[in-house]
Number of protein chains: 2
Amino acid sequence: MKYKIFLVEDDKHFAYVLQSFLKTKGYEVDWFENGEIALEKYKNNHFYHLMLIDVMMPKKDGITLVKEIRSINPSIPIIFITAKSQNKDILTGYEVGADDYVIKPFSVDILLARMQVLLNRVYPRSDTTEIVAGNSLLDINRNILILNNKEEIKLSPLELEILKILFQNLNKLTTKNELLMHLYGDVDYFKSRTLDVYIAKVRKWIKQDPHLELISLPRQGYKLVSLK
Amino acid sequence: MKYKIFLVEDDKHFAYVLQSFLKTKGYEVDWFENGEIALEKYKNNHFYHLMLIDVMMPKKDGITLVKEIRSINPSIPIIFITAKSQNKDILTGYEVGADDYVIKPFSVDILLARMQVLLNRVYPRSDTTEIVAGNSLLDINRNILILNNKEEIKLSPLELEILKILFQNLNKLTTKNELLMHLYGDVDYFKSRTLDVYIAKVRKWIKQDPHLELISLPRQGYKLVSLK
DNA sequence: AAAAAAAGTTAAAAAATGTTAAAACAAAAA
DNA sequence: TTTTTGTTTTAACATTTTTTAACTTTTTTT
């Protein structure tokens, strides 16, 4: 999914270069020439992930613009890009609610790094949630098992947890107790039997992948092995 | 509540001045003289809100230190404070996982502003009015959900509260109890059923956004995930 | 090899949740 | 006040998930 950037900059040439660069980096960029137009457009469409705003502009300057945007949306990430490098100006920028203040001339790589840091903070990506084994993939975030790069199987919570542990311990022994403690926090006869039932279910799926096998080691546990 | 700052800086005089300043501004500051000591201390006590780390230090430099800290804690806010002002150095700083990079000599007010911005992002006060997820936007002020950047749906109070919590916990599990406690302050059978009814309603909307999915985890809760 | 224990398998029962519609309630308008 | 409108709750039925039960096979113990 592409991030949408709201760029406000009166220097057409600079804006064009910046816009092109960001597009090559996979961003969608909408450019607005001054604060007045920008505010108008933002009122019509709030759907942006980050704003890059110049300070000195005709019609409506960046500081005023950000004040007004902040009154509508106190949380959207905003970075000032400007030639004004006095401490006083920078502090004003932060005071009106900017997240960062980048001084021209700047390296685009550094602007990019700062944008990425900010975007990652505000829209945290869910931690890696895909485990590959054999010809299959377990997507923990979406609760699905994809067999042979094809068939998607929706998993119930219990199914997912069991597969998660087996996949994480690929080619290693997973004890029954380990599984039960993880699923229930304790161990008893009926829970153990429930697990047996689920193992049977999981085994049916695993069988469909010729590169995977779920081996039972009686009195020890289970081992998901990937075959060549 | 006071924020706890983890300061790593080999220049004793500079560290003392900075520490004193931050204390007058209401922060608690623990100072460590080099990367080696710092890492040792951090391993014993993870309870810090933000780290200020010098790059050039004897024993263990800041870059190495941050790499090691990030492997323990991928999310704690880190600001480099350093005299190294080459683009190459700055980019390295961001690459190893810093949130900001402040070049010496700097005005303490500006450092303070940057710290505040970062702390507000990481430990947000709940005054956000708009949350973006997938291709959609929840406008808490106007009580509307904008789907696919197009269709506006007016939300009832209950609908809004449910969506608010789901959007705030994007890609994370929201337990049914959490939702019920937030909506009603207590939990019973009928309230739980009411929630089920509303989840069905909300799910219909969410389905319209191809970048969003509302997953049910029976016995656990719900998870709003943003795809791709 | 026989008995006991553990695990595999399938089906049924129980519990939880999904879904739709109607009833009850509350706030605003006539 | 009554009517209208919108919201929340309850009810009824459907589906999914988990647990229990019953029976079978495998493994371990005696």
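Residue numbers start from 1 in every chain, and the chains themselves are labelled A, B, ... in the order their sequence lines are given, proteins ahead of strands.
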(request) Taking only heavy atoms on the protein side, list every residue of residues 156-163 of chain A lying under 4.0 Å from any atom of DNA chain D, sorted numerically. (result) A/Ser156, A/Pro157, A/Leu158
(message) Near DNA chain D, counting only heavy atoms under 4.0 Å, which residues of residues 172-186 of chain B show up?
(response) B/Tyr184
Check the distance between [N]'s [atom2] and [X]'s [atom1] and give it to me in whole angstrom.
X        : N      : atom1 : atom2 : answer
A/Ile199 : C/dA7  : CD1   : P     : 11 Å
B/Asp196 : D/dT8  : CG    : C1'   : 14 Å
B/Asp188 : C/dT17 : CG    : P     : 14 Å
A/Leu195 : C/dA7  : CG    : C1'   : 10 Å
B/Ile215 : D/dT16 : CD1   : C1'   : 15 Å
B/Leu217 : C/dT17 : CG    : P     : 11 Å
B/Leu155 : D/dG6  : CG    : C1'   : 14 Å
B/Tyr222 : C/dT17 : OH    : P     : 6 Å

Select one nucleotide: of [options], the one nearest the side-chain heavy atoms of [X].
X        : options                : answer
A/Val197 : C/dA7, C/dG18, D/dA21  : D/dA21
A/Arg203 : C/dG8, C/dA11, D/dT9   : C/dG8
A/Thr194 : C/dT17, D/dA11, D/dT19 : D/dT19

Parallel, tilted or perpendicular: rings of [Y] and [X] (30°, 60°):
X       : Y        : value
B/Tyr94 : B/Tyr101 : tilted
B/Tyr42 : B/Phe6   : perpendicular
B/Tyr3  : B/His49  : perpendicular

Report the distance from atom [atom1] of [X] to atom [atom2] of [Y], rounding to the nearest 0.5 Å.
X        : Y        : atom1 : atom2 : result
B/Lys191 : B/Met181 : NZ    : CE    : 10.0 Å
A/Lys176 : A/Ser216 : NZ    : OG    : 9.0 Å
A/Ile199 : A/Leu166 : CD1   : CG    : 5.5 Å

(request) Using the ring of A/Phe32 (Phe, Tyr or Trp, six-membered ring only), decide whether A/Lys41 places NZ or CZ under 6.0 Å from its centre and within 45 degrees of its axis. (result) no
(request) Measure from NZ or CZ of B/Lys4 to the centre of the six-membered ring of B/Tyr48, then state whether that distance is under 6.0 Å and the direction lies within 45° of the axis. (result) yes
(message) Just N and O in the side chain of A/Lys201: are any of them under 4.0 Å from OP1 or OP2 of C/dT9?
(response) no
(message) I want to check one thing: is the phosphate of D/dT10, taken as OP1 and OP2, less than 4.0 Å away from some side-chain N or O of B/Tyr198?
(response) no
Electrostatic pair [X]-[Y], nearest N-O below 4.0 angstrom:
X        : Y        : answer
A/Asp99  : A/Arg70  : yes
B/Lys164 : B/Glu161 : yes
A/Lys154 : A/Glu159 : no

(request) Between protein and nucleotides 22-30 of chain D, map the contacts as a letter string: B base, S sugar-phosphate only, - none, heavy atoms under 4.0 Å, written 5' to 3'. (result) B----SSS-
Would you classify [X] as touching base, sugar-phosphate or nothing, given that sugar-phosphate means primed atoms plus P, OP1 and OP2, and contacts are heavy atoms under 4.0 Å?
X        : answer
B/Tyr189 : nothing
B/Lys154 : nothing
B/Ser216 : sugar-phosphate

(request) Mind listing the closest non-hydrogen atom pair of A/Ile144 and A/Leu155 along with its distance? (result) C-CD1, 3.8 Å
